[in-house]
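Take a look at the structure below.
Nothing here was measured: the structure is a model prediction, and the numbers come from that model.
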Amino acid sequence: MVLERLTMLRVLSMFEPKSPLRFHGSIALGLGLILAQGCSSSEETMDLMKPSAPVSDAGGHDAEDKDEGTQDVQGIDGQDGQGDSDEPVTRRVLGDLVVDANRNGVIEPDSFEEQTFEDQWNESIGAILLANVDDDDGDGVGDHLDEVVNGPEDAKDLARIHVVGFEDVPANAQGIISVDPEAAPWVRLFRVQADEFVLEDPTHVVVTADDLAHGVEFAIEAKFFPTSTAAGAWSGFVDIEHIVTNGHEELSRDQVRMRVAPLVFMHNLMKTEKIWVGGFDGEFIKGLKAAATAAAVAVDVLNYDAPGYANHDFDQWTQDHFEMGYASMPSKEGMHTMLVAFRTPRVKRTSADVVFVEFLGKDFGAIHVHDQPYDQATRSLDSTGNWDTVPPHRAHGVSYPQGRFILGSTAERHPDPVAEEFVQAQRVQPLIRVDTSWLAVGHVDEILSFVPANSERGWRMLFARPKMAVDMLMSLQKAGHGSAKMHEGKWWWGGPASRTVDQVLGNANLMATNQEDQAILDGILLQLKDELDLQDDEIIDMPFLEQSIPEGSVAYQPGTVNLLHFDGHVLIADPFGPNVGGVDVFKQDLDTRLSATGLVTHYVDDWNTYHRNNGEVHCATNVLRVVPHQHPWWESGR
């Protein structure tokens, strides 16, 4: 039995996890067992590694009350152990720090994993803390902006750190706990005293001999998410060290590593909880609600006239106000999740303050990241219709279990650099940039979207294809339907929009624009096929014509790729295509190609409020999706 145990220890001490990303300033520590440092191999050393009886106020488990699976195991001096237990030996030091390294939501001082790998962080092991950006006390201010714990709900947002009590602590022993210099400005550390949380200086926390003997509990929160990948910037990792001395020599040393949960952005394959829309167009809302009812999804009509909005302007583009994400860490209940609304960087877009006025609350955070001073030249690409997430996938042998973030950005025309860097700093959804500079509005949702599919990948990409629209019109003309009308009964700002197929095909400037745009789109498609390792049958062409205005290209027909997906249903702008025999041929084509992938199609008239203002259904709406508990972000290894 002893030989088997020693063999297990040797194997585990040599174990090396898959290499985590190494960031500037972070320290890669060995995986050997924790041993007392600065002590000789004496009886005193052995005594310093003996645990006292676990103390409940430090979060330990006593013999009568401990989580199932927690074992009391033998110390290296053979005392206080279980003798013939098959569990690996747990070795401790005086001032032993313990965090939830095995990610089961429980602090387990007797866990071999938590003792052995507590200074590591990878996809399998490592403690997690949250950026505490919600508002549990309902005062309208994020909890990360104050220096108190706002009641029991706020306390749930803090990760715990225990110093485990020990026997025979020298009377002159004293510990100092310190957070590494890069992380210290980004975290708050509280000493837990019954129901009271006392703020400590994270660079210098004194642990008395009495604390060392009886144990003490701390709680930690991050003030924000990591914001940059630049050299010297905080990576999101937090290294915490505890050094115990007797006044003239070091008695022991222990270190743990934690990581702040990144902001993970939601994607279209996630189950839908609710759809948001601004209360600007009653007929549009009626159509949206009818489609949502068919999918058993709630619709929340936002009231932008409510108190709290400063200098409010008419702004119907709900998609452009915020992008939804979440942050999560393990808990005893499984996973503790905080929803987070990422407000558009656009400073003067006051309707986007909906995230603070209506959303901010318990387990619902809101943040605003932007350059200072804000550059108005980036404002269109900062609208979050230009921010989207490719669903989970594998590409070229690499797994992206949280998907990848995608936005329109070029060197000449790009979003706010601070906001774009913030997205990269989250690390779990690597960034893809595509060129949308040729579009007047410049958003990725004008050219692509993602929908579920019954396939190995699990989804398909919808992609704008104006050439297909031209080909469809030419086929109608050849079949003798050149007089069929498009956009019948609709108006542009300057006059009627109705045109025959012959008139549209005879518009040389319109045809030239679509030829040019198709060439650009072909290049973007080649890029995405390579980036995402997409095959042709994983792409669904979305035919509609575009037109040129002074600022660039916009949709001439309603841009049907700019749609809303919710739980296998899609809400699409009515294309008002040519009517042949009582059938809209563009709508019929969309029904055929989308139903083939299992989608239920719904159409809504968005012409007056959205289409002729250069936006469509996706621009008009936003979605809260359900955070899945399978495949948590930390399993990505990023």
Side-chain angles (χ1 to χ4, degrees), residues 18 20-26 99-101 103 120-134 142-144 157-159 182-183 185-187 220-230 233-239 257-267 270 322-331 335-343 345 363-369 384 387-392 398-407 418-432 625 627-638:
K18 293 177 182 177
L21 291 175
R22 285 175 167 79
F23 308 117
H24 178 90
S26 63
V99 292
D100 183 25
R103 299 175 183 154
Q120 302 297 307
W121 212 101
N122 56 52
E123 67 269 35
S124 304
I125 203 82
I128 296 164
L129 70 155
L130 290 180
N132 196 8
V133 297
D134 69 347
D143 294 338
H144 64 299
D157 297 333
L158 277 62
E182 283 186 359
W186 294 87
V187 301
I220 188 170
E221 67 179 7
K223 299 177 184 179
F224 208 64
F225 300 94
T227 61
S228 175
T229 59
W234 179 49
S235 64
F237 285 97
V238 182
D239 290 313
R257 166 164 277 205
M258 308 182 77
R259 180 183 175 184
V260 65
L263 179 56
V264 182
F265 291 97
M266 297 179 174
H267 59 79
M270 297 167 69
F322 57 93
E323 190 74 7
M324 280 306 306
Y326 64 93
S328 58
M329 69 177 181
S331 74
M335 190 163 74
H336 180 55
T337 298
M338 183 181 293
L339 300 172
V340 181
F342 178 88
R343 184 199 186 280
D363 293 335
F364 205 136
I367 62 173
H368 187 194
V369 178
T384 44
W387 305 61
D388 207 347
T389 305
V390 182
V398 180
S399 178
Y400 300 93
Q402 308 303 322
R404 281 192 271 183
F405 204 75
I406 185 168
L407 53 74
V418 171
E420 191 171 339
E421 178 67 9
F422 173 88
V423 172
Q424 291 199 90
Q426 307 314 300
R427 302 181 190 272
V428 292
Q429 295 171 309
L431 185 60
I432 297 173
R625 302 192 185 273
V627 179
H629 284 203
Q630 68 272 26
H631 308 302
W633 65 266
W634 51 83
E635 292 181 358
S636 71
R638 293 186 174 84

Exercise. Distance under 6.0 Å and angle within 45° of the ring axis: does Arg343 meet both against Phe322?
Worked result: no

For this session: Apply side chain to side chain contact (heavy atoms under 4.5 Å, CB included) to Glu221 and Asp157, showing your working.
Result: CA-CA 7 Å; Glu221 67 179 7; Asp157 297 333; over 6 Å; no

For this session: Using modelled atom types only, decide if a donor and an acceptor are shared between the side chain of Glu421 and the backbone of Thr227 within a distance under 3.5 Å.
Result: no

Seminar exercise, completed: On a heavy-atom basis, the closest approach of Gln402 and Trp633 is NE2-CA, 3.3 Å

Seminar exercise, completed: Taking every heavy atom of Leu129 against every heavy atom of Met329, the minimum-distance pair comes out as CA-SD, 4.2 Å

Seminar exercise, completed: Residues Ala222 and Val260: closest non-hydrogen pair is CB-CG2, 3.6 Å

Exercise. Looking only at atom types and distance, does a side-chain atom of Trp121 sit under 3.5 Å from a main-chain N or O of Ala127, one as donor and one as acceptor?
Worked result: yes

For this session: Grab the two heavy atoms, one from Leu431 and one from Gln424, that are nearest each other, plus how far apart they are.
Result: CD2-CG, 3.7 Å

Exercise. Which atom names give the shortest non-hydrogen contact between Pro632 and His629, and what distance separates them?
Worked result: CD-O, 3.8 Å

Problem set entry | Trp234 side chain vs Phe237 backbone, donor-acceptor pair below 3.5 Å | yes

Exercise. Are the side chain of His368 and the backbone N or O of Phe342 linked by a donor-acceptor pair below 3.5 Å?
Worked result: no

For this session: Specify the closest pair of heavy atoms between Leu130 and His336, including all atoms of both residues, with the distance to one decimal.
Result: CD1-CD2, 3.6 Å

For this session: Give a yes or no on whether the backbone of Leu263 and the side-chain of Gln426 come within a donor-acceptor separation of less than 3.5 Å.
Result: yes

For this session: Output yes when a side-chain donor or acceptor of Ser636 lies under 3.5 Å from a complementary backbone atom of Pro401, and no otherwise.
Result: no

For this session: Test Thr337 against Asp363 for side chain to side chain contact (heavy atoms under 4.5 Å, CB included), laying out the working first.
Result: CA-CA 7 Å; Thr337 298; Asp363 293 335; over 6 Å; no

